[in-house]
Amino acid sequence: MVIISLFLQLGIISPVSIRNGIGPSGLKCVGRWPFGASYTVWVEDTICYLGSGGGVYVLNVANPLSPQKISEIETSGFVDGLCVSNNTLYLAYNKGLKIIDVSNPISPIEIGDYDTPGVACNVYCSGSYLYVATKISVSIIDISNPRSPVEIGHYNTSGEAGGVYCVYPYAYIADGDAGLCILDISNPRSPVKVGTYNTPGYALNVCCVGSYAYIADRGVGLTIIDISDPFSPKEVGAYISPSPIWDKGWNVWYANPYVYLADGCVGIKIIDISDPSSPKEVGAIDTKGNARGLYCIDSLTFVADVSGGLTILNISTPTQPQEIGSYDTPDNIRSIVCKSNVAYASNGKAGVYTFDISNPRLPKVLGYYKTGYAWDIAIDSPYLYVGAVRDGISILNVSNPSSITEVGKYNPDNWDKVYGVCYDTFNRVYVASGETGLRVVDVSNPTTPYEIGFYDTPGFSLDVSTDGHYVYVSDSYGGLRIIEVIGTSVYEISHWDVPGDVYCVYRYGDYGFVAVKDIGLYLLDLSNPYSPKELCHYDLDAHTCDVYYDGKYAYIGGGNGGIYIIEVGDFPNLSMRCVAYYPSTWWTYSIYYDAPYLYATNEEAGFMVLEFIEKPYFDLMQNSTNPFIKSTSLQFKLEARSRGNIKIYDLLGRLVCTPWEGDAEEGYHTVMWDGNNCNGNKVSAGTYFCKLNLIDREGYSNYSEVKKLILLK
C-alpha cells in the first residue's frame, strides 16, 4: 500500500488505473443538479446556511416562522461542514474546502479553495486559522488571505477525525472509534497530541466549555469528558440515548446549562448538564426528518434534518421545545428516467422532482410533487408510476412537468415496502415488494388501480424488469426469479441462482443483465425464459445498485464504487470488458442513458450528467519473460492509430528510461528494454514498473496501464 500511495502522489498511476486496470477514458461529468439531504447548518445574524447534498441553500430567517431562500451555492461534492467568519463562508465537502464571500448573501462569490488530503467533513475557524477534520487527519490552514489559503500544520489522527473544536491553546478532535484526541496548537505549524480518551461509542462531533468536552458519541448519545487536565482526560458522565444504536449521537451544542443533542431519527434531545456526572433529559422533540446538524442562537435551534430539510425550534422553554418554522429541501435521489428533454427523479421524502434537461449541462428544476417516500419510478406518458416505500403506488400525471397532479393511488395493507416498479404495454405495473414478493397492479384506469395477482418469491424482492408476459425479479438471496403473467394468473416458470445477492436486473431483447452485490455483472441468455443460461460475467467488487444497457455498453452504478461502462462483445464472441470508469465518493443508485449523456443519481448530492465519448482500446501485456535477466520485451495492442509512450519507473517512482515514444498504427507492437537507464547505464536488480500512456492532441495522457517488472542479476 505504501508503494501504491507513493505512485498515486507521483502520478505514475491513477486511482482509476488501480481499479481493475481501467485507465482514464472519455467519461466525464458535464453537468449536475447538486442538491439533496440536509446534514449541516450555520446561522449568522438573520442568514442561515443550510448544507444540502452537494450545495448550500442560503436562507433569510429574519422571520423564523417563514424562512425564504435568497441564493444557492453549488459544489462538486457532498457538503458536510460549514462555518462563517468575517463575511466568509468556509465549506467542507468531500473533495476539500471552498471559501465563499458572503458579504452579500444574495450573491455569494467563490474566492478560494483548498484540496484537503482526505474527505473534509468538518471545519472550525479560530482567528486567522481554519481547522479542518478530514477523516484521516486535521489540517491547519492559514486564512489570513482567504483567497489564497495555505496549509501550515497537519496532524494524522489514529481514528477518523470527523469533528473539531478549538479553545486556545488546544484543539479537540472527535476521532471516530478512537474517541477524543487533544492537540496542543500553541504552535499551529507543529500540532502535538497531548491527550486522548477512547469514548464508548464513535465520536462524531465535539464542543468544549470550561473544564468539559461534550461528545456526540454515535452508538451511545452524549459522553462528557473532564478536560481540566488535557494530558489526562477522564469521563465523568454520559447520557444513553433511547434511539436505535446506529442512529444516536450525531451532533452536539452547548447552551448553559443545557446540551442539545442531534439524535437522528428521534430528533433533538435537551440534556441538563448542570451536574456533568449525572446528565438528565429534560426536553425532546421528534423532528419530521433525521436530526444530524444543529445551531443554537438566542431562543432558537436550527436543525439540519436530512430528508426534513431545515427545522426551526423555539427553545425558550427547554422542557417544551416547539417547531415554529421549516424549509423543505430535496432528499436523496434514488431513481431517474428521462423522456423528451425532461428528467424525472424519485427523491425520497421529498417525493418526485422534474428537471429541464434540454441543456444537459445545466439541469433546472421544473416542478415537484410530494408523494410518500419515493424510491423507484417508471414512465408511460403522460403517467409516472411512483413506488413509495411505505405508501404503495402513486400515479402522477406529468403531461405538464411544471404542474404535476396525482390521479390515482394504491396502497394495500398486505404489502411490504415498495423497492422496484416497472410498466408494461398491457397497462400493468409490476412491483418488487420486499418480503411480499412480486405484486401485479392493473392501471388501465389510472384513477382506480387495483391488484390482479401476486407471487410470493422465496427471497427479498428488490427490482423488477419485464418484456411483456414474462417478469424478471431480483430477489436478493433468492436469485433471479422468472415469472409468467397471463390474465390474473401469476406463477414462476424458472429461476437462476448465483452465490450472492441479486440487486437489480435489466432485460434487453434476449439478454438479461443481472447485477450481484460485491460480485459483478452477469449476462444471461433469456431467449428461452424457461431455461435461463449464463453467457459470461464481469467481476466487480462493488455494491452494484443499477444497470442499463443500450445494445453495446452496459452502464453500472456501483454503489460507493463509482460508475462503470462495460463493453459487451457481439454474439457468438461474447465477453465483457470495462472501457470507462468514473469515481464516486457516494453511492450511485440509478443509471439512465440517453445518448450521448449518462444520467446517474448520487446518494447524497443530486444527480450527475456524464458524457461518454468512445475512445480506442489498448492493452499492455505482461512482459516476456518475467522475472527477466538483462532484457525483456514489452508488447501492447492498439485498436486505432495512436500517439503514446512507454516509461519505466523504479520503486521510488523515479523515471528510469523511456523505451518508446511516438506514433503507432493499429495492431500489436513490441518494444525491448535492455535494462539500461536514460544514460545508458545498467540498472540494479529489483522491481520496476512499466507504464504505457496514450497521449491526446494537447499532450495529456488519455489512457494508462501499468505492469510490474522484476529484473534479476
Side-chain angles (χ1 to χ4, degrees), residues 1-2 4-19 24 27-30 32 34 39-40 49 51 53-56 73-85 88-102 108-126 128-157 160-164 171 173 185 188-191 560 562 581-586 602 604-606 608 610 653 700-701 704:
M1 290 303 296
V2 173
I4 290 176
S5 176
L6 175 63
F7 281 11
L8 284 168
Q9 295 174 34
L10 296 178
I12 295 175
I13 54 179
S14 70
V16 175
S17 61
I18 290 175
R19 185 183 293 274
L27 183 61
K28 62 180 180 180
C29 184
V30 296
R32 59 195 309 273
Y39 277 69
T40 183
Y49 301 91
V56 176
I73 300 168
E74 295 185 8
T75 72
S76 57
F78 174 68
V79 177
D80 212 9
L82 301 168
C83 73
V84 176
S85 178
T88 305
L89 170 66
Y90 299 96
L91 184 158
Y93 72 121
N94 61 311
K95 295 187 178 180
L97 178 71
K98 281 194 179 296
I99 303 173
I100 314 291
D101 182 343
V102 290
I109 300 171
E110 182 177 336
I111 58 173
D113 61 56
Y114 185 82
D115 291 333
T116 55
V119 174
C121 51
N122 215 320
V123 59
Y124 188 94
C125 186
S126 178
S128 59
Y129 299 117
L130 208 62
Y131 299 82
V132 185
T134 71
K135 287 291 186 186
I136 61 174
S137 64
V138 175
S139 291
I140 304 175
I141 299 173
D142 185 336
I143 51 168
S144 52
N145 178 5
R147 296 178 182 273
S148 182
V150 178
E151 180 179 300
I152 60 167
H154 189 88
Y155 185 83
N156 291 325
T157 63
E160 292 190 336
V164 56
I173 315 301
I185 53 170
R189 297 181 181 276
S190 182
N560 54 354
Y581 169 72
Y582 187 87
S584 176
T585 305
W586 301 98
N602 190 272
E604 306 290 5
M608 299 179 293
L610 300 106
Y700 295 101
S701 175
S704 62

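None of the values given here were measured: they were computed from a predicted structure.
Scanning all heavy atoms of the two residues, the minimum distance from Ile140 to Pro188 falls at CD1-O, 3.3 Å. The two residues Ile173 and Ala161 come nearest to each other via the heavy atoms CG2-CB, 3.8 Å. Nearest heavy-atom pair, Tyr582 versus Cys29, reported as atom, atom and distance to 0.1 Å: OH-CB, 3.3 Å. Scanning all heavy atoms of the two residues, the minimum distance from Gly153 to Pro191 falls at CA-CD, 4.4 Å. Residues Ile141 and Pro149 approach most closely at CG2-CB, 3.6 Å, considering heavy atoms. Heavy atoms only, all atoms of each residue included: Glu74 and Pro34 are closest at CG-CG, 3.6 Å.
Every residue two or more places apart in sequence or in another chain that forms a side-chain hydrogen bond (donor to acceptor under 3.5 Å, both in side chains) with Asn122 is listed here: Asn205. With sequence neighbours excluded, the residues that form a side-chain contact (heavy atoms from CB on, under 4.5 Å) with Ser128 are Ser144. Applying the side-chain contact (heavy atoms from CB on, under 4.5 Å) rule to Thr40 yields the partners Val79, Leu82; only residues at least two apart in sequence or on another chain are considered. Every residue two or more places apart in sequence or in another chain was checked for a side-chain hydrogen bond (donor to acceptor under 3.5 Å, both in side chains) with Asp113, and none qualifies. The side-chain contact (heavy atoms from CB on, under 4.5 Å) test applied to Pro108 returns Ser71, Ile73, Ile100, Val102, not counting sequence neighbours.
If you take OH on Tyr49 and SG on Cys83, they are separated by 11.5 Å, rounding to the nearest 0.5 Å. For the atom pair CG of Leu91 and CD of Glu110, the computed distance is 9.0 Å after rounding to the nearest 0.5 Å. Within the model, atoms CG of Leu130 and CD1 of Ile143 stand 4.5 Å from one another, a figure rounded to the nearest 0.5 Å. Separation of atoms OH (Tyr129) and CD1 (Ile185) is listed at 10.0 Å; rounding is to 0.5 Å. Atom CG of Asp115 sits about 9.5 Å away from atom CG of Leu97, to the nearest 0.5 Å. Interatomic distance, Ile136 CD1 to Thr157 OG1, rounded to the nearest 0.5 Å: 8.5 Å.
For residues 135-148, no residue pair satisfies the salt bridge (Lys or Arg N to Asp or Glu O under 4.0 Å) rule, not counting sequence neighbours.
No side-chain heavy atom of Glu160 sits less than 4.5 Å from a side-chain heavy atom of Cys121. At least one side-chain heavy atom of Lys98 sits less than 4.5 Å from a side-chain heavy atom of Thr75.
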Between Ile99 and Thr88, is a side-chain contact (heavy atoms from CB on, under 4.5 Å) present by the stated rule, with each step listed? CA-CA 7 Å; Ile99 303 173; Thr88 305; 3.4 Å; yes

With side-chain contact (heavy atoms from CB on, under 4.5 Å) as the test, would you mind laying out the steps for Leu610 and Val30 before giving the verdict? CA-CA 5 Å; Leu610 300 106; Val30 296; over 6 Å; no

side-chain contact (heavy atoms from CB on, under 4.5 Å) for Tyr155 and Ser139? Distances and angles first, verdict last. CA-CA 7 Å; Tyr155 185 83; Ser139 291; over 6 Å; no

Between Lys95 and Phe78, is a side-chain contact (heavy atoms from CB on, under 4.5 Å) present by the stated rule, with each step listed? CA-CA 8 Å; Lys95 295 187 178 180; Phe78 174 68; over 6 Å; no

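Between Thr134 and Ser137, the side chains place a donor N or O and an acceptor N or O closer than 3.5 Å (distance only, hydrogens not considered).
Panel note: side chain Asp80, backbone Tyr93; no donor-acceptor pair is recorded below 3.5 Å.
Between Tyr90 and Tyr124, the ring center distance fails the sub-6.0 Å criterion.
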